[in-house]
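Scroll down for the structure; my scribbles are underneath it.
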Amino acid sequence: MTEPIRSPERPRVALFELASCAGCQLQILNCEDELVDLLQLVEFVYFKEAMTETSDHYDLALIEGSVTRESDEEKLRHIREKAALVVTLGSCAYPVGVPGLKNAHDPDEVGSLVYGEDAGFFPTIEAKPVDAVIPVDLHILGCPIHKDDFMRVLTALLIGKHPPVPTHAVCVECRLKENVCAFDRGLVCLGPITRAGCGALCPSYGSRCFGCRGLCDDPNVASMEVLLEEKGKTAEEIMAEYGLYNGYYARRDGGLKAKVAR
Amino acid sequence: MIDRVVAKADLIRSIDSLADKRTVAAPVANGPQFSFRTITAAEEIAEGYLPTALPPNKYLLPPRETLLRFAWHEELTVDPVIEATDTIAFGVRPCDLHALELLDRIFVDDKHDGHYRARRERMLLVGVECLEPCDDHCFCESMGTLRAESGFDVLLTDLEDTYYVRVGSPEGKEFILGIDGVREAAYEDRTLLRKAHERRDAAFTPRLDVTFEQLPGLLAESSDSLLWDVLGEKCLSCGACTNVCPTCYCFDVRDDVNLDMKSGERFRTWDSCQLEEFAMVGTGESFRQPREMRVKHRFNRKGRYIFERYGLHGCVGCGRCARSCIVDIDPIEVFNQLKGQPVER
Ligand code: SF4
Ligand code: SF4
Ligand code: SF4
Ligand code: SF4
Ligand code: SF4
């Protein structure tokens, strides 16, 4: 029992940003108490919000944001070739958060709404999650990510241990908090099919889960949809319910049931 | 031990002053439901409460608990973490008293769990008898858990202006004798108690079509029932039913390493047989992956396995699981359907 837990080398980390609000990067910068320890463990070689130097040699690529341009796809393929591990940060990167809202509208309309007459200079494509373009090793979830989650995943990766990502639904955490269930408050809630890890944040503040962490492993979407129908939701309303965070997969697969079956 | 009687006003005064000195946990209203919370005054205690969202077990086996801390400097050091405070759990229902007897059997008698035991030794259980059924989901009468003869330090019965007090332990005796105005029960008090019990016995009717002694046999015969498939299609595997269950005690143990990579902690968290990961082994296979198998396993735990193993109730009929299941899977219906129409494959 004399082997050190610590790996002898400092892995090189690069953090890339696609379409996002940069809130997840800020969560990392907010780790004031931990930053010193963190920098002992890894070397940041690219981090736009925090440093000016850049490098094309890295072991771990962190990716924030959704794919919204052709050039993003090329960039991702390049990153995948360079990096041993690709880990996404936040809901934009998976399962597509706020940037995905535009997918429900006419692309030209959205373009001119944002860029006016210059829209032609900014061609964009349907907003996609990172794993729709390249294989991803791990998603750190949430809108924004939680810094503790980030630290736990990072330390696990450095030790070479399976990262502690919950496989179960938000309800598990919600019941432990003794929250009054949204369904008992006359609302509907995506907690039963959404991956835990946020501590049931939204239901704990009197709201409900909108699914920002994507589907849990093995969600019973079929039963969930029967339940939503019983609560008076139409098929369109159910799609809209998924739309806020899970719209990309719901649209691509014609509903989340099909996504699960894939 | 001699039964006592205490005026409600005297008990309230005593709780108010105890709450200044020790942790007093009691059911408190939280919207339409109730939760055990630390109170500062007796007036916070809810009246006519349903079984709490989480059972009082949370004070003995917390949902997340640090078991030990380790550090690796010159050499490896491991320090067990055992945290316990004097706690009075006030207003524990008979169903929960039965459930705690099961947990005591497992964690104290059988497994000698130091963390549980330290807390249990410092917990005083003040039970309160139920005189009417809590709602349509409870079936304690069928499970034989409506009446508590043991498992409490004191047991109170509401006689309008007073509580009739049965004493179950020396600590309970000390607690009750510490209350000003307490007196020995007289013939008239015993008559009032008997009448309250008669009213209770008339108010509770069995909800199951089987007795709890017949449940193990029924479940063994029903292994191939189609009902499991029906329930498996419906169940969301949300884990609500096991989290809220007073007889569920499964946990997972994990280690977290701190960023210094030299120290960390081992902790345990509640786990649930309804979750896919529960029965997953190191190589990634889950030997109870199909949802219907997980549902079947839970009902067998509740009605059969625990009873066979410990001779104690694996389900105390509190109805919490049914109250919190958003797709309405209710053990009353499940057991009665198995009995009524053994659906064969
Ligand atoms: S509020 Fe949502 S997350 Fe919480 S228990 Fe109810 S369905 Fe599950
Ligand atoms: S409750 Fe749902 S929407 Fe809210 S943070 Fe958690 S996963 Fe996201
Ligand atoms: S509460 Fe209901 S839906 Fe959730 S795991 Fe239990 S039986 Fe299944
Ligand atoms: S199975 Fe349901 S009714 Fe039985 S003890 Fe558990 S929560 Fe209560
Ligand atoms: S289930 Fe029975 S013992 Fe438990 S609270 Fe309800 S009435 Fe009381």
Side-chain angles (χ1 to χ4, degrees), chain A residues 1-7 31 33-42 148 151-152 154-156 158-159 161-162 164 166-185 188-189 191-194 196 206 216-224 226-227 230-231, chain B residues 28 30-37 52-54 58 62-64 70 72 75-76 231-245 254-264 269-272 274-278 280 282 284 286 289-291 294 320 323-328:
Chain A
M1 294 245 294
T2 48
E3 266 185 85
I5 312 178
R6 187 166 170 178
S7 109
C31 300
D33 296 340
E34 297 92 349
L35 270 182
V36 175
D37 278 335
L38 178 66
L39 294 175
Q40 302 268 318
L41 296 177
V42 297
D148 294 347
M151 294 299 172
R152 265 196 301 270
L154 201 67
T155 42
L158 289 170
I159 312 170
K161 163 176 129 166
H162 194 67
T167 54
H168 53 254
V170 172
C171 295
V172 173
E173 295 174 338
C174 196
R175 295 290 176 179
L176 291 181
K177 292 202 162 168
E178 303 191 68
N179 292 331
V180 179
C181 177
F183 284 95
D184 293 329
R185 291 183 275 121
V188 298
C189 178
I193 55 170
T194 301
C216 58
D217 284 11
D218 183 42
N220 192 345
V221 177
S223 176
M224 184 76 208
V226 171
L227 177 66
E230 280 170 14
K231 300 290 167 190
Chain B
V28 167
N30 169 24
Q33 63 189 33
F34 303 90
S35 292
F36 274 96
R37 297 261 162 84
T52 46
L54 291 185
K58 66 178 182 181
R64 187 195 189 285
F70 53 84
W72 203 312
E75 56 182 33
L76 182 67
L231 296 173
E233 257 174 48
K234 221 175 158 190
C235 172
L236 297 161
S237 306
C238 72
C241 49
T242 54
N243 268 348
V244 301
C245 179
R254 293 182 188 231
D255 292 346
D256 260 358
V257 174
N258 296 331
L259 264 187
D260 64 7
M261 294 280 167
K262 287 189 176 123
S263 61
T269 52
W270 288 4
D271 204 348
S272 166
Q274 298 311 290
L275 308 180
E276 192 187 24
E277 207 185 30
F278 184 84
M280 196 177 277
S286 173
Q289 199 283 329
R291 223 181 292 279
R294 293 182 242 160
R320 282 183 175 94
R323 262 172 232 116
S324 55
C325 179
I326 49 184
V327 292
D328 300 328

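- Remark: A:E230 engages no residue in a side-chain hydrogen bond (donor to acceptor under 3.5 Å, both in side chains) (not counting sequence neighbours).
- Distance check: A:S223 OG to B:R291 CZ gives 8.0 Å after rounding to the nearest 0.5 Å.
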>> The test is side-chain contact (heavy atoms from CB on, under 4.5 Å); show your working for A:T167 and B:E276 and say whether it passes.
In response: CA-CA 8 Å; A:T167 54; B:E276 192 187 24; 5.6 Å; no
> Run the side-chain contact (heavy atoms from CB on, under 4.5 Å) check on A:Q40 and B:D260 step by step: do they pass?
Replying inline: CA-CA 9 Å; A:Q40 302 268 318; B:D260 64 7; over 6 Å; no
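- Under the 4.5 Å side-chain criterion, counting only non-hydrogen atoms from C-beta, B:L236 is not in contact with A:C171.
- If you tally non-hydrogen atom pairs under 4.5 Å between each of A:H162, A:E178, A:E34 and chain B, the highest count goes to A:E178.
- Atoms CE and CG, from B:M261 and A:L158 in turn, are 4.5 Å apart once rounded to the nearest 0.5 Å.
- With a 4.5 angstrom heavy-atom cutoff, A:L227 touches chain B only via side-chain atoms.
- The side-chain hydrogen bond (donor to acceptor under 3.5 Å, both in side chains) test applied to B:R320 returns B:T52, B:D96, not counting sequence neighbours.
- Annotation: the span from A:K177 atom NZ to B:N30 atom CG amounts to 13.0 Å, rounded to 0.5 Å.
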>> Test side-chain contact (heavy atoms from CB on, under 4.5 Å) on B:Q289 and A:D218; report intermediate values, then the result.
In response: CA-CA 9 Å; B:Q289 199 283 329; A:D218 183 42; 3.9 Å; yes
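- For the atom pair CZ of B:R64 and CG of A:L176, the computed distance is 12.0 Å after rounding to the nearest 0.5 Å.
- Contact detail for A:P192 and B:I326: the closest heavy-atom pair is CG-CD1, 3.5 Å.
- Closest non-hydrogen pair, A:L38 versus B:L259, comes out as N-CD1, 4.3 Å.
- Per-residue heavy-atom pair counts under 4.5 Å with chain B were compared for A:D37, A:N179, A:V180, A:V170, and the maximum is reached by A:V180.
- Heavy-atom pairs under 4.5 Å with chain A were tallied for B:G31, B:G264, B:S324; the largest tally goes to B:S324.
- Atom NZ in A:K161 sits 5.5 Å away from atom CG in B:D256 (nearest 0.5 Å).
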>> Evaluate A:V172 against B:S272 for side-chain contact (heavy atoms from CB on, under 4.5 Å), listing each step before the verdict.
In response: CA-CA 9 Å; A:V172 173; B:S272 166; over 6 Å; no
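- If you take OG1 on B:T242 and CZ on A:R175, they are separated by 11.0 Å, rounding to the nearest 0.5 Å.
- At a 4.5 Å heavy-atom cutoff, the contact between B:N258 and chain A is made by backbone atoms alone.
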